[in-house]
K.L.:
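Dropping the structure in here first, questions after.
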Protein chains: 2
Amino acid sequence: MPVVIACRQNMIAIQDTLDVISGKWRIPIIVCLTMRPELSFTELKEELVYISAKVLSAELRFMEENNLVSREVKKTTTLTVKYSLTAYGRTLERLLFSLMDWGLTHRVQITGKQALEVSNEDYINALRANLPPVVPGIV
Amino acid sequence: MPVVIACRQNMIAIQDTLDVISGKWRIPIIVCLTMRPELSFTELKEELVYISAKVLSAELRFMEENNLVSREVKKTTTLTVKYSLTAYGRTLERLLFSLMDWGLTHRVQITGKQALEVSNEDYINALRANLPPVVPGIV
DNA sequence: CTGCATCCAGATTGATACTG
DNA sequence: CAGTATCAATCTGGATGCAG
């Protein structure tokens, strides 16, 4: 039996996790909500700089369905909605550190340099232009 | 300063790792080469069941450029090329177990069931139809 | 303010056919 | 056997405009 069939349960589990954290904005959203535990839709949108309302909305709903984010409507004078990570959502933190550690090592492995230095400006431009600020041709 | 800017170096590191392991076939390829440490192009293609030669070729070259896979040409009577994980490629293993653990927990969290049972046949059909065998609407 | 609907562009993956 | 080239489909993310 092919390995890809025999190991399917394990690979599906890995893929499930990747599905939850893949995409252009999922990691940034999680990091924002980690650093600033409660944010409104507009605050999140400003933190994320170039995300569109449609995409932010879709991502937040996806994360809600996955129990990672809680959505709380505040009925003050003006309607606001507060988003925050659930306790379960915070279990992703350890995983993100593991991913970060490997990624930092990988930069060294591939480029021989200690870390990638990206200026604020370059990073903002990369976000706008929809280009990841990575070493061209590698990674 | 927006969180997404202030934390850019960390997020880039996470994204670097995700870029290396994301995509339909990267995880399956790594798992195949873990279970069977040396495989030819055709053997790999058979293990992966529905991958096309073009995609397999592109993925292997990408992984070679990232030092994860080594490519060795054997000049016997007939040309064969053996692929295997490098020592560096095997450093991904720990990460994959972390991803797998979270994914298994996630299934329980979302569906309330201990694990997803997918038959060989269903999994093969999903590979062919280009559909991940996941819970519809969730994950 | 908080989103949804529509339409659209670019990237990813695949099918098919062909080469050294 | 080990790929490459070309063309097509599908998927993701985005721009714009509108509504509760």
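Each chain gets a letter, A, B and so on, in the order its sequence line appears, and its residues count up from 1.
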K.L.:
Among residues at least two apart in sequence or on other chains, which ones pass side chain to side chain donor-acceptor pair (under 3.5 Å) with B/Thr86?
P.N.:
none
K.L.:
Is any side-chain nitrogen or oxygen of B/Arg71 closer than 4.0 Å to OP1 or OP2 of D/dG3?
P.N.:
yes
K.L.:
List for me each residue that meets side chain to side chain donor-acceptor pair (under 3.5 Å) alongside A/Arg71, sequence neighbours excluded, and say none if there are none.
P.N.:
A/Tyr83
K.L.:
Ignoring backbone atoms, test whether A/Ser57 places a side-chain nitrogen or oxygen under 4.0 Å from the OP1 or OP2 oxygen of C/dC4.
P.N.:
yes
K.L.:
Give a yes/no answer on whether the side chain of A/Trp25 brings an N or O atom under 4.0 Å of OP1 or OP2 in D/dT12.
P.N.:
no
K.L.:
When the distance from CD1 of B/Ile29 to P of C/dT13 is rounded to whole Å, what number comes out?
P.N.:
11 Å
K.L.:
Just jot down the side chain to side chain donor-acceptor pair (under 3.5 Å) partners of A/Trp25, sequence neighbours excluded, or say none.
P.N.:
none
K.L.:
Can you name the salt bridge (charged side-chain N to carboxylate O under 4.0 Å, His left out) partners of B/Arg36, sequence neighbours left out?
P.N.:
B/Glu47
K.L.:
Could I get the full list of side chain to side chain donor-acceptor pair (under 3.5 Å) partners for A/Glu64, not counting sequence neighbours?
P.N.:
none
K.L.:
Backbone N or O of A/Leu104 within a donor-acceptor pair of the A/Arg107 side chain at under 3.5 Å?
P.N.:
no
K.L.:
A/Lys82: what forms a salt bridge (charged side-chain N to carboxylate O under 4.0 Å, His left out) with it, not counting sequence neighbours?
P.N.:
A/Glu43
K.L.:
List the atom pairs, with distances to 0.1 Å, where a side-chain N or O of residues 49-59 of chain A and a protein N or O form a donor-acceptor pair under 3.5 Å, not counting sequence neighbours.
P.N.:
unit_1	atom_1	unit_2	atom_2	d
A/Tyr50	OH	A/Arg128	NH1	2.6
A/Ser52	OG	A/Val55	N	3.3
A/Ser57	OG	A/Arg61	NH2	3.1
A/Glu59	OE1	A/Arg26	NE	2.7
A/Glu59	OE1	A/Arg26	NH2	2.9

K.L.:
Under the criterion side-chain contact (heavy atoms from CB on, under 4.5 Å), which of B/Val4, B/Ile5, B/Asn10 is the partner of B/Arg8?
P.N.:
B/Ile5
K.L.:
Counting only side-chain heavy atoms from C-beta out, which of C/dT2, C/dC4, C/dG14 sits nearest to A/Thr80?
P.N.:
C/dT2
K.L.:
Mind calculating the distance between CZ (A/Phe62) and C1' (D/dG13) to the nearest angstrom?
P.N.:
15 Å
K.L.:
List in chain and number order the residues that pass salt bridge (charged side-chain N to carboxylate O under 4.0 Å, His left out) with A/Glu72, two or more places apart in sequence or in another chain; answer none if no residue qualifies.
P.N.:
A/Lys74
K.L.:
Using atom CD of A/Glu64 as one end and atom P of C/dT2 as the other, report the distance to the nearest whole Å.
P.N.:
14 Å
K.L.:
Taking 4.0 Å as the cut-off, does a side-chain nitrogen or oxygen of A/Tyr83 come that near to OP1 or OP2 on C/dC1?
P.N.:
no
K.L.:
Under the rule for ring-ring contact (aromatic ring centres under 6.0 Å, His included), what residues qualify as partners of B/Phe97, not counting sequence neighbours?
P.N.:
none
K.L.:
Please list residues of residues 30-55 of chain A whose heavy atoms come under 4.0 Å from any atom in DNA chain D, ordered by number; otherwise none.
P.N.:
A/Lys54, A/Val55
K.L.:
I'd like a list of close polar pairs between nucleotides 18-20 of chain D and the protein, N/O only, cut-off under 3.5 Å.
P.N.:
none

K.L.:
Measure from CG on B/Leu18 to P on C/dT12 and round the result to the nearest Å.
P.N.:
14 Å
K.L.:
Tell me: CD of A/Glu72 to P of C/dG3, nearest whole Å?
P.N.:
13 Å
K.L.:
Rounding to 10 degrees, work out the angle separating the end axes of the helix from C/dC1-D/dG20 to C/dG20-D/dC1 (five pairs an end).
P.N.:
40°
K.L.:
Could you state the atom-to-atom distance from NZ of B/Lys24 to C1' of C/dA15 in whole Å?
P.N.:
13 Å
